[in-house]
There are 2 protein chains.
Amino acid sequence: MKSNEFNLDDFLPYQLSVLSARMNRLLSKVYGEQYGLSIPEWRVLVHVARREKMSVRDIHKCVNLEKPAVSRAVTKLEATGLLIKSTSEDDHRLVDIELTKDGIEVLNNITPKALVYEKELLSSFSTEENTQLYALLERLHDELDKYPDAMPRKPRADGRPRGLVK
Amino acid sequence: MKSNEFNLDDFLPYQLSVLSARMNRLLSKVYGEQYGLSIPEWRVLVHVARREKMSVRDIHKCVNLEKPAVSRAVTKLEATGLLIKSTSEDDHRLVDIELTKDGIEVLNNITPKALVYEKELLSSFSTEENTQLYALLERLHDELDKYPDAMPRKPRADGRPRGLVK
DNA sequence: TATTGTTATACTCTATAACTATA
DNA sequence: TATAGTTATAGAGTATAACAATA
């Protein structure tokens, strides 16, 4: 193929990039406009909700955010009153992070809406197509794992092995 | 579902976001480390290669970059000697952008490598799976088109209708 | 010494508005 | 008036290194 025949529209990384950007933009209407949350903040909130206490490290290990990004998001969320930080009693280097009632309430409000969006986007998909989509994306991740230059994937937050579709 | 059961790992926008980021990172090794090109610059180069002359508007209309982003990328690429700008004779508001020999050479070097990466990532996919993947991504784009809040999709650079897989 | 979390810094990308010059 | 392109600016996101406190 000559390079003047190369078509960006058929190039998978471009396709995914644009698709992901569009989807994020749409989603940010849910948690951004209504609650002023950024993407990292939303990821942190969602992850902290999984357990009573969570350290910065725990979050960093799961949600594809760098440590400083987590730290900043947590600081901002504390300022907004959605979570509280306290020094862990077991290990004074660790920070215990827990949601406040406000934080839980905001999350209980946002999460269903986010799921509705996801469901709507997949509404035209049959169960099989849905399974196929997740399986194909998973396969692409597997391929990327072979390259040391691609950033490593995080383990699932629930500890389950990958590839089991919902 | 309670919000403390919500799992980011199974959430499509998150999946796509991480996948796209990983893929972009890998790709940027090809055009970034070797030639110092950013993603917008690579998109512009690739698009300009399609015809002899191209205006900023033409690029903006096709490659999901805002006008200022295109303008900046073009300015930088001219400084690097990969393209030249000149005022259009027909309409003095327009800028004619064309690749230099260097630009063509760089592109002829990068494009095959980018395609090799894409091919490798899809190497475990059968022809049908490949078709499925593109079709499913296309369907997601179609769904997003229904939301005014999702940014609009650009027309294909080659003018062909969407959904015809390579 | 190693690890947790914070701070500082820098760079990329994006989004918007304001500006100019041409039409 | 409308359009093409540039400039300015601000915000989000990301990546890295350096640092203080603790283990």
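The structure displayed is predicted, hence computed values, not measured ones. Reminder, nothing fancy here: chain letters follow the sequence lines and each chain counts from 1.
Residue pairs meeting the salt bridge (Lys or Arg N to Asp or Glu O under 4.0 Å) criterion with at least one partner in residues 107-117 of chain A, sequence neighbours excluded, are absent. Residues in residues 96-107 of chain A take part in no side-chain hydrogen bond (donor to acceptor under 3.5 Å, both in side chains) pair, two or more places apart or across chains. The side-chain hydrogen bond (donor to acceptor under 3.5 Å, both in side chains) analysis of residues 50-59 of chain B, with sequence neighbours excluded, yields the pairs B:Ser55-B:Asp58. Pairs passing the side-chain hydrogen bond (donor to acceptor under 3.5 Å, both in side chains) check and including a residue from residues 82-92 of chain B, sequence neighbours excluded, read B:Asp91-B:Arg93.
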Look for any protein N or O under 3.5 Å of an N or O in nucleotides 20-23 of chain C and output each such pair with its distance, or none.
unit_1: C:dA23; atom_1: OP1; unit_2: B:His92; atom_2: N; d: 3.0

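Phosphate contact (OP1/OP2 of D:dT6, side-chain N/O of B:Ser71, threshold under 4.0 Å): present.
Residue contacts shown for A:Thr75 are absent, as no nucleic acid heavy atom lies under 4.0 Å away.
Each end of the helix from C:dT1-D:dA23 to C:dA23-D:dT1 yields a helix axis from five base pairs, and these two axes differ in direction by 10° (to the nearest 10 degrees).
Residues passing the salt bridge (Lys or Arg N to Asp or Glu O under 4.0 Å) test with A:Arg72: none are found, sequence neighbours excluded. A:Arg43 is linked by a side-chain hydrogen bond (donor to acceptor under 3.5 Å, both in side chains) to B:Ser17, counting only residues two or more places apart in sequence or in another chain. Judged as a ring pair (Phe, Tyr, Trp, His ring centres under 6.0 Å), and not counting sequence neighbours, the contacts of A:Tyr147 are B:Tyr117. Residues satisfying the salt bridge (Lys or Arg N to Asp or Glu O under 4.0 Å) criterion with B:Asp142, sequence neighbours excluded, are B:Arg153.
Rounded to an integer number of Å, the gap from B:Lys61 NZ to D:dT3 P is 10 Å. Distance NZ (A:Lys85) to P (C:dT4): 16 Å, rounded to an integer number of Å. B:Ile97 places its CD1 atom 12 Å from the C1' atom of D:dT6, with the value rounded to the nearest Å. Straight-line distance from the CD atom of A:Glu78 to the P atom of C:dG5: 14 Å, rounded to whole Å. Distance B:Asp96 CG to D:dA4 P: 14 Å, rounded to the nearest Å. The nearest whole Å value for the distance from the CE atom in A:Met54 to the P atom in C:dT4 is 15 Å.
A side chain to side chain contact (heavy atoms under 4.5 Å, CB included) with B:Leu137 is found for exactly one of A:Val18, A:Leu136, A:Leu12, namely A:Leu12.
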Item to check | Sugar-phosphate or base contact per nucleotide [nucleotides 10-19 of chain C; S, B, -; heavy atom under 4.0 Å] | outcome: ---SSBBB--
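Ion pairing between a basic and an acidic side chain is recognised when a charged N comes within 4.0 Å of a carboxylate O; A:Asp10 and B:Arg156 show such pairing.
Both B:Arg57 and A:Glu41 sit near DNA chain D, but only B:Arg57 has its closest nucleotide nearer the 5' end.
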For residues 59-70 of chain B, which side-chain donor-acceptor pairs fall under 3.5 Å, sequence neighbours excluded?
unit_1: B:His60; atom_1: ND1; unit_2: B:Leu65; atom_2: O; d: 2.7
unit_1: B:Asn64; atom_1: ND2; unit_2: A:Tyr14; atom_2: OH; d: 2.9

